[in-house]
Amino acid sequence: MNELLKAALVGTGKYPGVAIDESAPADRLTIADDSLTDESQFLLRCGRRAVYQRAGQDVRSVPSVEAAPDTENIAWSAAFIRTMKEVIQTEKKDLLPEVLREFQAHRLPVPVILLPDLLDLSDRKLQSAIRTVVGTRGTWLSQFNPEWSWLTDTEPNSEEDIPSLEEIWNEGTVPQRCRALRKLREIDAATGRQWLQECFKKEKASDRKDLLEQFASGLSTADEEFLEQTLSDRSKHVKVLAGSLLSQIPTSQCANRFRERGQQLLQISSTSQSKLKLTCHPPEELSKDWEADGVPRKPPGQRGVRAYLTEELVARVSLDFWQEHFHVAPVELINGILNDDFAHDVITGWTRAFMKISASNWFEPLWKYWSAMTQHPQQNIKDQASNFLGQLAEFTEQTKLERSIIRLIQSQPDPANLPIATLVSFVPAPWSAAFGKEYLRVTRGLVASRSDRAVYDWIGSLTIATVALPKECFEAALSPWKIREHGVPSWQLANMERQISQFTERIQFRARFHREVELQRNR
Amino acid sequence: MQFSLEHVREMAPDEKSVVAAQKLVSPRLWESPGLSESALWGTCGGGRNYQVRIDLANMGYSCNCPSRKFPCKHVLALMMLLATTPDAIAITESPQWVREWINKRRQREQAKADKEQQPAKPIDAAAQAKRVDERELKVAEGLKQLSVWMDDLIRGGIACLETKPFTFWDDQARRLVDSQAKGLATQIRNLAEIPQSSRDWPQRMMDELGRTRLLMHAYERSDNLSPDLKADVRQLIGWTVSQAELVESGEVVEDDWFIFGQQIKEEDRFRTQRSWAIGRTTQREALLLQFAPGVQGFPESIVPGTIQPGKLIFYPGTVQQRAKFQERTGENDSTFKDYIGGNSVTTFLGEYAERLAQNPWLPTCSCLLSDVTIATEHGAWFVRDSEGNALPLRMQDHYRLLSATGGHSFQLMGEWNGDVFAPMSFLFEGQFQVCS
């Protein structure tokens with residue numbers, strides 16, 4: 001540090017009289033003016049030196065970076081770059097998956113100027129799509145920013161990657177360790193079990209539960225012994241989880257015990273006109289052997305013990321068992337229990353069991369049941385139905401799901417009563433053209449004929465349609481919308497108009513993007 | 001006059017206006033749009049019938065809609081319509097409502113020009129001198145107070161500035177505004193940003209304080225300075241150059257001017273637009289400053305990436321940078337390549353030193369470098385020429401530049417403030433792009 005800076009830092013009051021530095025030519029220029037204070041003289045000296053140094057600054061020499069491999073240079077139009085920037089940087093980010101899909105489908109590299117913005121995105125789902133469109137330029141660029149290393153990081157997927165997983169297992173945070181354990185269970189389930197067994201008792205209760213949850217991956221008979229031990233864990237959450245995992249191993253003793261209890265729970269009451277009728281006989285209270293198998297002691301909230309035990313037991317019995325036991329199809333089982341007092345709890349249990357090991361023939365009857373429940377007068381049942389429908393949707397193909405929703409809409413006397421925004425949100429984007437057109441047809445029909453609260457709620461689903469409608473539906477979406485005229489303008493009507501205007505604006509934006517891509521492809 | 005969507009977009013006050021205007025770019029929404037030699041006009045339908053007029057001579061515009069954005073979406077939409085669907089606009093004589101507006105504008109411009117060239121009222125020399133004397137006294141008083149404040153500051157040491165609030169600087173700046181030394185006030189406010197901004201902030205603070213003190217010293221002895229340096233010093237302190245003075249003493253340079261960069265800075269109640277231009281024949285740099293209150297548009301349309309033939313009048317000073325268009329003339333036939341010289345880092349720094357020798361307080365200057373690449377060393381980023389010499393790069397656009405050029409050489413245009421190079425635009429494989 002030079003003397004001048006030292007004096008400036010501590011103050012000339014404490015560090016007066018800095019000697020002239022002969023090596024600094026600007027210091028030799030003096031201003032002979034007695035009216036100037038020592039401080040002013042000091043500052044003028046600083047100023048002279050600053051100007052001198054700025055004018056004569058040394059030229060710095062730096063090494064070059066290795067240039068990127070030559071790539072096909074596409075001259076994107078400035079308007080297209082702006083459109084892309086709008087998608088990446090503004091509230092239109094929800095359109096990004098579609099944009100990336102288009103680039104991927106047409107094997108086009110994204111405009112290079114946008115690569116830094118794309119690489120900055122931290123959404124894991126988007127990152128996997130981004131990987132496919134950044135090209136060699138993106139890979140080259142990622143070396144310059146450690147935060148972009150995700151682009152070249154590879155997912156561990158073979159035994160060779162076990163040492164790196166072990167490092168994370170030993171040194172990582174709990175979420176990182178969970179991810180490492182899940183990955184290891186996919187590669188080598190036995191080693192994963194061994195790692196957890198070695199440290200299980202030393203972990204905190206909440207961490208034990210989080211780590212044990214990873215056993216759902218690669219679950220097999222070999223895990224039974226360890227899981228049986230964890231049934232006696234101090235934490236009730238670990239016990240419940242262990243019981244649930246054991247029930248998913250068909251050959252386990254625990255699963256067998258649940259099946260025996262299931263036989264006693266559901267019994268045939270009568271068969272009239274070849275229709276099965278079932279009755280449910282739940283226990284009055286939780287017995288110790290149920291508790292030992294990981295059934296939680298207390299029902300949540302105000303729920304009755306019998307209803308609660310029914311659901312918990314049915315959820316722990318494999319769906320195949322019921323079909324084999326009663327020799328009927330799932331739809332008959334559901335119809336058979338419908339008139340029982342505990343029907344809702346049994347079907348809830350079956351739905352939960354479906355989520356563990358999906359059985360395709362159960363989808364349709366369960367979907368139908370929960371769709372009907374969306375019209376239930378109790379809000380908590382409606383919410384439960386929406387929740388289960390969303391979960392069920394994940395287990396079926398998109399075309400089947402779209403067909404189910406269309407059938408549901410068509411079967412309703414008033415489709416506006418359906419929670420359409422919830423239902424269409426389960427269909428992955430992009431929708432099929434048929435589904436999109438049907439959705440638009442019904443929506444236009446409702447908007448043109450009514451303006452009540454139910455239609456207003458339906459219009460809320462346009463936000464989802466904005467992103468999910470396929471390009472084949474753009475023309476239908478952009479043709480003028482007819483809104484039922486009201487005598488007096490209401491806030492609902494104004495809001496509907498606003499939502500439709502936002503919808504068409506977004507669709508226009510998407511159409512513009514697709515036109516640009518098409519133009520680029522044809523160049 | 002030719003419009004492109006790019007130019008219209010650059011004129012827009014914000015992106016929302018562009019989006020809103022795009023919705024109106026349809027011939028069916030416009031009633032009898034027309035184009036003549038002097039104007040573009042149209043009535044935007046939809047029940048309201050807003051009358052839009054655009055003066056093609058200087059891109060002035062008018063619309064009777066109640067929008068507080070300038071230009072409004074109707075003006076932008078009409079320009080876009082001309083750019084995208086010229087056939088939808090009839091080439092015809094201006095209607096009366098447009099002619100009247102154009103005539104009024106011409107009259108006003110003429111009156112303004114007359115006023116600028118020949119003072120309408122006889123100047124009361126005594127009163128003017130009195131006003132100048134009074135201001136000189138006020139400025140001198142302000143400088144005296146500032147000198148005492150700076151003496152106290154350096155006596156106590158700059159280490160304690162880390163803990164000083166913004167008001168420490170702002171109070172002093174306000175006093176200088178009261179003393180009619182607005183230029184100095186801005187410099188003092190800028191000092192507030194230095195503490196803790198980097199590891200070497202004490203050195204930067206010491207340098208800036210020193211330079212400011214040197215400026216005050218020069219002003220106090222401005223009678224000993226050359227007229228040009230005196231003009232520089234007075235402008236830096238806060239004295240403005242009137243239109244009459246500019247016309248009287250400003251140098252007029254005619255050339256094709258390439259607008260290679262632009263920055264818009266939001267201040268308290270107004271926005272400042274800084275546009276850098278370079279002349280094709282003269283290779284002179286020009287800094288075009290415009291100010292706009294609130295969300296209003298800037299008086300003149302200056303679009304980065306365009307070439308504007310015309311006459312610039314330069315403000316007096318040693319290193320003549322600041323200028324304004326005195327006259328815009330017809331079309332040009334030049335390309336970007338005609339403008340960008342082949343400066344290397346060493347040559348540029350040599351020229352910069354010469355400029356500093358003329359004006360030691362030169363805040364910034366334009367910098368056009370050819371055959372450069374983006375380079376990095378120890379986490380810092382540089383623009384590097386073919387000889388391996390480099391200038392530190394502002395940590396904002398380096399990844400975008402690196403991505404766009406792929407480490408290959410290109411031509412870069414920007415602003416140098418003595419410490420850091422701020423990129424504004426670049427030319428790579430024949431494509432000109434503005435840095436965002």
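Treat the numbers as computed from the prediction; the structure is a model and nothing was measured. Each chain gets a letter, A, B and so on, in the order the sequences are listed, and its residues count up from 1.
- Proximity of a side-chain donor or acceptor of A:R137 to a complementary backbone N or O of B:S403 within less than 3.5 Å is detected.
- Interatomic distance, A:E39 CD to B:L153 CG, rounded to the nearest 0.5 Å: 11.0 Å.
- The CE atom of B:M150 sits 11.5 Å away from the CZ atom of A:F42 when rounded to the nearest 0.5 Å.
- Your options are A:A7, A:G13, A:G56, and the one with the most heavy-atom pairs under 4.5 Å with chain B is A:G13.
- Options A:T12, A:L4, A:T37 differ in how many heavy-atom pairs under 4.5 Å they form with chain B, and the most are formed by A:T12.
- Taking all atoms of both residues into account, the shortest heavy-atom contact from B:R384 to A:P63 is NE-C, 3.6 Å.
- For the set B:A375, B:A159, B:S147, the count of heavy-atom pairs under 4.5 angstrom toward chain A peaks at B:A159.
- From B:M216, atom CE reaches atom CG of A:L43 across 8.5 Å, with rounding to the nearest 0.5 Å.
- Within the structure, side chain to side chain donor-acceptor pair (under 3.5 Å) contacts touching residues 50-64 of chain A (residues at least two apart or in different chains) are A:R54-B:D419, A:R60-B:E377.
- In this structure, the portion of B:Y352 lying under 4.5 Å from any heavy atom of chain A is its side chain and not its backbone.
- For B:T405, the part lying under 4.5 angstrom from a heavy atom of chain A is the backbone only.
- If you measure heavy-atom distances from A:V62 to chain B, the contacts under 4.5 Å come from both the backbone and the side chain.
- Taken to the nearest 0.5 Å, the CZ atom of A:R45 stands 9.5 Å off from the CE atom of B:M206.
- Ranked by heavy-atom pairs shorter than 4.5 Å toward chain A, the options B:G379, B:C160, B:P202 are led by B:P202.
- Residue contact with chain A, scored on non-hydrogen atoms closer than 4.5 Å, involves the backbone of B:I374 exclusively.
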Go through the steps to decide whether B:V345 and A:V59 satisfy the test side chain to side chain contact (heavy atoms under 4.5 Å, CB included), and finish with yes or no.
CA-CA 8 Å; B:V345 168; A:V59 177; 4.2 Å; yes
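- Note: B:I154 leads B:I158, B:I154, B:D385, B:V19 in heavy-atom pairs under 4.5 Å with chain A.
- You'll find the side chain of A:V65 reaches within 4.5 Å of the side chain of B:T376, heavy atoms only.
- Salt-bridge check for A:D117 with B:R400: passed, with a basic side-chain N closer than 4.0 Å to an acidic carboxylate O.
- With a 4.5 angstrom heavy-atom cutoff, B:Q433 touches chain A only via side-chain atoms.
- Here the CG-CG distance, from A:L44 to B:L215, works out to 11.0 Å after rounding to the nearest 0.5 Å.
- Residue contact with chain A, scored on non-hydrogen atoms closer than 4.5 Å, involves the backbone and the side chain of B:R211 alike.
- At a heavy-atom cut-off of under 4.5 Å, chain B is reached by A:W140, A:L141, A:F144, A:N145, A:W148 from residues 138-150 of chain A, listed in order of number.
- Among B:H408, B:E387, B:K23, the residue with the largest count of heavy-atom pairs under 4.5 Å with chain A is B:H408.
- For chain A, no part of B:D200 is nearby; none of its heavy atoms comes within less than 4.5 Å.
- Looking at A:N2 and B:Q203, their side chains come closer than 4.5 Å, going by heavy atoms from C-beta outward.
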Side chain to side chain donor-acceptor pair (under 3.5 Å) assessment of A:S40 paired with B:R213:
CA-CA 7 Å; A:S40 289; B:R213 187 65 187 85; 3.2 Å; yes
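- For chain B, the option among A:P111, A:P69, A:A8 with the highest count of heavy-atom pairs below 4.5 Å is A:A8.
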